[in-house]
Amino acid sequence: MKKKQKTYILLVIVVVVWSVVGIQFFKYSQQQEEEIPVISYKKFKTKTVAKREVYKVSVHERDPFLGTLHKTSKNNIVKKKKISKNEPFVFPIIKYKGMIASEENTSFILVVNGNQYIMRLRSKKEDVQLISGTKKEIKVLYKGKYKTFKK
């Protein structure tokens, strides 16, 4: 084929492709918008609930089948567990990760028993209260005892 023939064939193909694209574009732009049907909603009415009857179970003194009396035990005393003061005091696992400081606020990043918290001074999480802190260490209060943790 000659060079001019190839050019004309390619020109015809390009014109056909662009005309198909143009026809698709005009079909899309001339579509009419569908009207959305108006749905009428009924007003919501609450159901009226009848009151339930309250039944009271009474204790019968006499067994209806055997005719004998029930034995009631009045010695239902719950024994309280004695708390010994000799238990060792264990601090939770606390790790000091760092400090976040801005002009107004200073916050500290702590890991208490595997849970990470961002705490400010005098804030309390899991019974651990942050008393003071610097970039290198913090001081916490746990159940009345103070302890210092370093970064």
Side-chain angles (χ1 to χ4, degrees), residues 10 13-151:
L10 288 174
I13 292 172
V14 168
V15 169
V16 168
V17 169
W18 277 107
S19 62
V20 169
V21 170
I23 290 170
Q24 294 293 328
F25 177 75
F26 286 117
K27 281 184 181 179
Y28 178 74
S29 65
Q30 292 178 356
Q31 287 182 353
Q32 295 178 356
E33 293 184 20
E34 294 180 19
E35 292 185 24
I36 300 174
V38 178
I39 300 171
S40 61
Y41 294 102
K42 295 179 181 177
K43 189 174 181 181
F44 179 73
K45 295 179 183 177
T46 58
K47 294 182 180 179
T48 56
V49 180
K51 285 189 172 183
R52 293 185 183 180
E53 292 184 34
V54 179
Y55 297 102
K56 186 175 180 183
V57 179
S58 60
V59 178
H60 296 287
E61 296 286 328
R62 184 173 296 272
D63 187 352
F65 299 105
L66 298 176
T68 59
L69 294 176
H70 286 287
K71 295 180 183 178
T72 58
S73 62
K74 295 184 180 180
N75 296 333
N76 292 339
I77 299 173
V78 178
K79 294 182 180 179
K80 292 185 180 180
K81 187 177 181 182
K82 292 183 180 180
I83 300 172
S84 65
K85 294 186 180 183
N86 295 334
E87 291 182 13
F89 183 78
V90 179
F91 251 87
I93 300 169
I94 299 174
K95 293 179 184 176
Y96 175 47
K97 294 292 185 177
M99 179 174 95
I100 303 170
S102 67
E103 294 176 4
E104 300 128 15
N105 298 326
T106 303
S107 300
F108 299 89
I109 302 171
L110 300 176
V111 177
V112 180
N113 291 332
N115 298 325
Q116 185 173 2
Y117 298 106
I118 297 177
M119 298 175 66
R120 292 186 180 167
L121 295 178
R122 305 284 181 224
S123 65
K124 195 173 195 178
K125 301 280 185 188
E126 294 187 28
D127 292 333
V128 175
Q129 184 176 5
L130 181 63
I131 302 300
S132 64
T134 63
K135 289 182 180 179
K136 296 183 179 182
E137 64 182 19
I138 56 167
K139 187 175 185 180
V140 296
L141 173 67
Y142 178 72
K143 293 186 179 178
K145 303 220 177 181
Y146 293 94
K147 193 167 182 181
T148 303
F149 293 94
K150 295 188 178 186
K151 190 171 180 181

Report the C-alpha separation of Lys151 and Lys135 in whole Å, then their side-chain angles, then the decisive distance to 0.1 Å, and conclude whether the side-chain contact (heavy atoms from CB on, under 4.5 Å) test is met.
-> CA-CA 8 Å; Lys151 190 171 180 181; Lys135 289 182 180 179; over 6 Å; no
Return the set of residues passing side-chain hydrogen bond (donor to acceptor under 3.5 Å, both in side chains) with Asn115 (not counting sequence neighbours), or none when no residue passes.
->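 In terms of side-chain hydrogen bond (donor to acceptor under 3.5 Å, both in side chains), with neighbours along the sequence ignored, Asn115 is linked to Glu126.
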Test side-chain hydrogen bond (donor to acceptor under 3.5 Å, both in side chains) applied to Tyr146 - qualifying residues, sequence neighbours left out |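 Expected list: none.
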Could you go through the side-chain contact (heavy atoms from CB on, under 4.5 Å) check for Ile94 and Val128 one step at a time?
-> CA-CA 9 Å; Ile94 299 174; Val128 175; 3.9 Å; yes
Step-by-step side-chain contact (heavy atoms from CB on, under 4.5 Å) determination, Ile118 to Phe108 = CA-CA 6 Å; Ile118 297 177; Phe108 299 89; over 6 Å; no
I need the [X] [atom1] to [Y] [atom2] distance, nearest 0.5 Å.
| X | Y | atom1 | atom2 | answer |
| --- | --- | --- | --- | --- |
| Thr134 | Lys150 | OG1 | NZ | 9.5 Å |
| Ile23 | Lys27 | CD1 | NZ | 7.0 Å |
| Gln129 | Arg122 | CD | CZ | 6.5 Å |
| Lys124 | Leu130 | NZ | CG | 12.5 Å |
| Ile100 | Ser102 | CD1 | OG | 9.5 Å |

Minimum-distance pair of heavy atoms, taken over all atoms of [X] and [Y]:
| X | Y | answer |
| --- | --- | --- |
| Tyr96 | Ile138 | CE1-CG2, 3.5 Å |
| Thr106 | Arg120 | O-CG, 3.8 Å |
| Asn113 | Pro92 | OD1-CB, 3.4 Å |

Are Lys125 and Met119 side-chain neighbours, meaning at least one heavy-atom pair lies under 4.5 Å?
->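 Lys125 vs Met119: side chains touch.
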Say whether, by atom type as modelled, one donor and one acceptor occur between the side chain of Ser19 and the main chain of Val15 under 3.5 angstrom.
->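 Side chain of Ser19 to backbone of Val15: a pair is present.
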For Phe91, ring-ring contact (aromatic ring centres under 6.0 Å, His included) partners two or more places apart =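 With neighbours one apart ignored, the set is Phe89, Tyr142.
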Given the rule in the side-chain contact (heavy atoms from CB on, under 4.5 Å) test, do Gln116 and Leu110 qualify, once you have shown the distances and angles that lead to the verdict?
-> CA-CA 6 Å; Gln116 185 173 2; Leu110 300 176; over 6 Å; no
Exceeds 12 heavy-atom contacts within 6.0 angstrom, atom CD1 of Ile93 =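 Count not over threshold, so no.
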